[in-house]
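One structure is given here, and the rest of the page talks about it.
Remember, it's 1-based here, ligands and their atoms both numbered in the order they're listed. Every heavy atom of this structure was used, including side-chain atoms; hydrogens, water molecules and symmetry mates were not.
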Amino acid sequence: MKLHEALNIDLNEINREIKNLVTRDKDVPTHSQLAQSILELTSSGGKRLRPLMVIVGSRFGRKPAGRRTLQLSAAAEFIHAASLIHDDIIDGAELRRGGPALHMKTGILSAVHIGNYMSARIIELLSKYSGDKNRYVHDLSSVATAQLCLGEYQQMEHVFDYDLTLAQYLEKSRNKTALLMATCLRVGALSAESTEETADLLYNFGEALGMSFQIQDDILDFTQSADVLGKPAGSDLRHGQITLPVLFALQDPKLAPVIRSIGPNSSPEELEHVLQLINRSDALARTEAVSQDYLSQAASIVQQLSSFPAHADLEILLEYFAGRDR
Ligand code: FPP
Ligand code: MG
């Protein structure tokens, strides 16, 4: 069963709202290349994880979710999609969601402008929903978006930095991945008038889930085949990303000098050799344990929310994150 089915959420409603963001934009005619590129991008699949989190959050409110919740869920996907345009350019990724990445179709310059336009427009739109009564909306438009950019900057700052600390790795992962998920749950809850206390618990749940998600992503880069990943395995290290498996492997005095020898000019054979050494070490198991630890933290928050019937939806999210295809 698909995640949205398990959560009993109508994906068509979310997709329609995402489409509305483009077709109701008065400044950009729907037939223009800009609008068509955004439409193509936002309709090209994707699990809609972040919108689903907004809707699940709203089930902890004191009133039923309305149109505003749906609009916020579409906005969350828009921010995510804009960030992936930039991410694929930065990573030199040719594929996204099984098809060519946007910059492969439009060229890098157009893709940068499309990504900028999408995020700027969404910030403008969300500021209209904001206002004194709905100050939480501001968290999605500015805080989460700024953190995304910061996380990406922190990642770039530490390319091939083998002295990266665990704290720096965790902070980057939190900014790049976990805080948007946390914010989606919180904003969803507040849009349906939950208490601040409940919204904060959901935020912590989303943050723990997001940390586990990013750490799993870092493991998958070692364990999955290129076919499944849609990019060559070992891409992270090839691009100088020092992820958690690498950090753990660096603690082995025999492995450390070999790993540290990898740089931007290393040959594919040298890289392959180091990837194998990391694969054979205990680094992946230790990384998995950290991911599990975040999932346990998330599970204990579900316990604290067990008086809400919707806590069952958090269990479904937990199960989904724990069982992501390895
Ligand atoms: C995926 O990383 C990327 C992110 C989670 C965030 C990227 C954020 C930016 C590029 C900042 C720009 C943001 C805006 C709003 C314009 P990944 O490369 O680890 O995952 P992947 O395997 O899906 O590519
Ligand atoms: Mg990427």
### Message
Which residue is it: Val54, Ile55, Asn15? I am looking for the one with a side chain to side chain contact (heavy atoms under 4.5 Å, CB included) to Arg48.
### Response
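For Arg48, the side chain to side chain contact (heavy atoms under 4.5 Å, CB included) test succeeds with only one of Val54, Ile55, Asn15, which is Asn15.
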
Got an N/O contact under 3.5 Å between [X] and ligand 1?
{"X": "Asp87", "result": "yes"}
{"X": "Lys176", "result": "yes"}
{"X": "Asp91", "result": "yes"}

### Query
Does the distance from a Lys or Arg side-chain N to an Asp or Glu carboxylate O, for Lys172 and Glu152, drop under 4.0 Å?
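No, no charged N to carboxylate O under 4.0 Å.
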
### Query
Any Lys/Arg nitrogen of Asp163 or Arg260 sitting under 4.0 Å from an Asp/Glu carboxylate oxygen of the other?
yes

### Qualifying side-chain hydrogen bond (donor to acceptor under 3.5 Å, both in side chains) pairs, either residue in residues 1-10, two or more places apart
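Non-adjacent pairs meeting side-chain hydrogen bond (donor to acceptor under 3.5 Å, both in side chains): zero.
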
### Task
Return yes if a side-chain donor-acceptor contact under 3.5 Å exists between Thr198 and Thr195, otherwise no.
yes

### Query
If you look at Asp91, which of its N/O/S atoms is nearest to the Mg ion (ligand 2)?
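So the atom name we want here is OD2.
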
### Query
Of all N/O/S atoms in Asp87, which lies nearest to the Mg ion (ligand 2)?
OD2

### Task
Give, for atom CG of Leu185 and atom CG of Leu201, the distance between the pair rounded to the nearest 0.5 Å.
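Nearest 0.5 Å value for the CG-CG distance: 11.5 Å.
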
### Query
Can you tell me how far OG of Ser110 sits from NE2 of His103, rounded to the nearest 0.5 angstrom?
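Reported value, rounded in 0.5 Å steps: 12.5 Å.
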
### Message
Could you check whether any heavy atom of Ala93 sits closer than 4.0 Å to an atom of ligand 1, since that is the contact criterion I want to use?
### Response
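Contact absent.
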
### Message
For atom 20 (O) of ligand 1, tell me which residue out of Asp217, Leu220, Asn116 has the closest non-hydrogen atom.
### Response
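The nearest heavy atom belongs to Asp217.
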
Within ligand 1, which atoms have a heavy atom of [X] less than 4.0 Å away?
{"X": "Arg96", "answer": "21 (P), 23 (O), 24 (O)"}
{"X": "Thr145", "answer": "15 (C)"}
{"X": "Ser119", "answer": "15 (C), 16 (C)"}

